[in-house]
Amino acid sequence: MRKKEMIAMLLAGGQGSRLGILTRKVAKPAVTYGGRFRIIDFPLSNCINSGVDTVGVLTQYQPLRLNQHIGIGIPWDLDKKNGGVTILAPHVKGGDSGEWFMGTANAIYQNIDFIDSNNPEYVLILSGDHIYKMDYSQMLRFHKEKGAAATIAVLEVPMEEASRFGIMNTEADDKIYEFEEKPENPKSNLASMGIYIFTWSRLREALIEDNAIHADSDFGKHIIPKMLEEGQVLYAYRFRGYWKDVGTIESYWESNMELIKALPDFNLYEDFWKIYTNSDHQPPQYTAPGAVVKESLVSDGAEIYGEVRHSILGPEVVVKAGAVVKDSIIMGGTVIGEGTVIDRCILDENCQIGSGVQMGVGENIPNETKPNIYNTGITVVGANTNVPDNVVIGKNCVLYGETTAQDYPDGTIQSGKSVIREGIK
Amino acid sequence: MKAIGIILAGGNNDGRLGALTDHRASAALPVGSCYRAIDFTLSNMSNSGIGKVAVLTQYNSRSLRDHLTSSKWWDFGRKQGGLFVFTPYTSNTGNDWFRGTADSIYQNMTYLLRSNEEYVIITSGDSIYKMDYRDVLQYHIDKGADVTVVYQNMEGKDLSLFGIMQMDENKRLLGFEEKPEQAQTNSASLGIYIISRKLLISLLQEVVPQGGYGLVKDIIIPYKEKLNIYGYEYQGYWNTIATGISGYFTTNMDFLKKEVRDIFVNQYPYIETKPKDEPPAKYNYGAEVTDSIVGSGTIFNGKVEHCVVFRKVYVDEGASVRNSILMEGTRIGKNCVIENAILDKEVEISDGQTVIGKSMEEPIILKKGTKL
């Protein structure tokens, strides 16, 4: 029988609803990051770099782009004869009907057969939401040294922010005695990163027992507290390095922009611990005579005829002559028309922006329909959106779909307004 | 597809590329910021639906073999067919180097004998073009040709670098001159041939044991009356790096033209290469990059104008680089001035140096790994 010391289960089914229109058609792990990567590239690359060669990717919300991206795992060398990457989708089981994954632990519970078929000693639970480089093999060594049933990776966060996280309260040697989800008065600043190593036999037992009680079985809410209650040995593993949850429009924008710094905290340019990704092809990029590109990251195949400042451009983006892009994230395949000015916006993949457009101007008024998502002045354009020539678009706006001149009264979308054109043509 | 492919990637073109081919076959030479020359032919093969390709290599094949370690980037990682890389070998029947193009195929006769496909497409590995060989094959079949030779009208170019063909009005080959001083026509062979597999086997068995080692010299030219040899005119973009330093330089600089990038970069099917997964190129505050193509992982702090910049290049503050080719991993120090130069891989120029070549036709070459 196949035997693997540790396999990884990557939870990639979440919508990431706080990313708004960016996750309208793709799951959060498939959202692009740093120009040419997607968020899931980080945990997948961490796996293969750590020697974890068997990864189950659990999908649920809008999995198409994710499935295409992962394929059979070639970019990460996860196209393995024995192991490799397997996409695990909710499915109909014996009996009458199938079930959705109802919680993080429930999703793993529903895939016990997959884990058993790999016969692992340990299971690494990951989420496809975070940007970081981590050697899981060191965490496994720690787990084994401590003889733990579960090890939870934690980050030391500033004490005043601790109440936003799941906090591990530990003894002097980092043995966990209590877990508190978003405590009002935190006793510790060790925040869970949502990365767990379990001894599989222990987890298997806990999953089965908890599933009988909670249909929405969750690691943070149910499994960890249950194991602590039973007196099992749980340890916190301190991670010292860059780790970002790019969960909101603002944090997504910030985290991307940090990469632009001359010496960023998170270095993508070192050969050690490379991040791999899937791309159709990797052609050269081109900057025309007269083009200006400063403080920016530009991906393969981009063509720049205009001006790009303090921005991130994905693969095959075109910035036409006279156009100005600043403080913005332009994702792959998007075309910016002549003379168009884009200021502090996020444009998703394959958008066509007309010429003479001004985007991101005016007052910072929060979005009318989703003020909790769009409120920092950043205007967001969803994938495959068309914007006609010569329109003016404010701040905190959301554009999506095939928009026409009629959608822009007096040629203008005021700050905080949205134009959403759903439907398949 | 009814054809198998053979890519002749053996040579260094008699040293015409100077220091650039000291350490590599010309087919392995970097081209256009992120490709190697052989990518174009390999992608053409794959994009034409050819499932089985042999690369015949001999001269300093390390970098070429490194590039081809995995054939899956060109979709040749197959159970059936796929990519074969052949080098000269020793056995109890002999231990010869490849003595010519025909000989190199002859020595790997098993590849031909064990295939079932009806036709063979033979090409070189150092030309830059995008061709659907299916069109040529259809022409070959329609003409009832024994051999089809692809040519291009090269009026105005230096014809003494090519094989020049004379044909009748039906494109039947009448004469073929290798690198003539006085060319009779403008029709230059592109070194792309289609021939039936069985005919190729019998021709090789006829000529090679008699000391005929060249495809053109010993098959095409002597057999032009006996066989129906036809020319196929290709009108698309075609260039080669094999003609020398100047050819290498201009082929690279051609990628600065939109119409050339449209062919190779923007239009499907794509030219595939071994991916390196470098992060996006980074333009820092001091970057002034214009009229240049750039590979990923490169970091700019200085001025770059009219250049072909490969992956993972570093240009420091105050540096100025013009009309040059910077290969993968080169580093240009602060306030350097570089003009009309080809910097091979991993060349490092320390702060304040000046490297200026005579002209773009005669650029200065710094060998791989040079530290100044």
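Chain letters run A, B, ... following the sequence lines, proteins first and then strands; every chain starts at 1.
Of the residues considered (I74(A), V308(A), L313(A), V292(A)), I74(A) shows the highest number of contacts with chain B, using heavy-atom pairs under 4.5 Å. Ranked by non-hydrogen atom pairs under 4.5 Å with chain A, the options V308(B), T290(B), D291(B) are led by D291(B). When the candidates V293(A), D79(A), L259(A) are compared by the number of heavy-atom contacts under 4.5 Å with chain B, V293(A) comes out ahead. Among the candidates P283(A), G34(A), G35(A), the residue making the largest number of heavy-atom pairs closer than 4.5 Å to chain B is P283(A). For the options T273(B), V294(B), I293(B), heavy-atom pairs under 4.5 Å to chain A are most numerous at V294(B). Taking chain A as the reference chain and counting heavy-atom pairs below 4.5 Å, the highest number among Y285(B), F264(B), F300(B) is found for Y285(B). Of the listed residues (I312(A), V298(A), L268(A)), the one with the most heavy-atom contacts under 4.5 Å to chain B is V298(A).
Looking at L256(B), both its backbone and its side chain come within 4.5 Å of chain A, counting heavy atoms on both sides.
Atom-to-atom distance recorded for D277(B):CG and T277(A):OG1 is 6.5 Å, nearest 0.5 angstrom. With values rounded to the nearest 0.5 angstrom, Y283(B) atom OH is found 13.0 Å from S311(A) atom OG. Expressed to the nearest 0.5 Å, how far OH of Y286(A) lies from OG of S33(B) amounts to 12.0 Å. The line from CG of N266(B) to CD of E303(A) is 5.0 Å long, rounded to the nearest 0.5 Å. The structure places OG of S296(A) at 9.5 Å from CG of N284(B), a figure rounded to the nearest 0.5 Å. For the atom pair CH2 of W73(B) and CD of Q282(A), the computed distance is 9.0 Å after rounding to the nearest 0.5 Å.
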When you look at D271(A) and K312(B), which way does the side chain to side chain contact (heavy atoms under 4.5 Å, CB included) test go after all the steps?
CA-CA 10 Å; D271(A) 279 335; K312(B) 291 173 76 175; 2.8 Å; yes
One pair to check against salt bridge (charged side-chain N to carboxylate O under 4.0 Å, His left out): K274(A) and E278(B). What are the steps and the verdict?
CA-CA 8 Å; K274(A) 232 174 170 167; E278(B) 298 301 335; 2.9 Å; yes
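Under a 3.5 Å cut-off, the side chain of K294(A) and the backbone N or O of E288(B) do not form any donor-acceptor pair.
Within a 6.0 Å sphere centred on NZ of K130(B), heavy atoms belonging to other residues, nucleotides or ligands number more than 12. In the displayed structure, K326(A) atom NZ is contacted under 6.0 Å by at most 12 heavy atoms of other residues, nucleotides or ligands.
Listed here is the closest heavy atom pair of F37(A) and P280(B): CE1-CD, 4.1 Å. Closest heavy-atom contact between K282(B) and I260(A): CE-O, 3.3 Å. Across all non-hydrogen atoms, the minimal contact from R36(A) to P279(B) is CD-C, 4.2 Å. Closest approach of P284(A) and G32(B) over heavy atoms only: CG-O, 3.5 Å.
Side-chain contact check for V289(B) versus T287(A): some heavy-atom pair is nearer than 4.5 Å.
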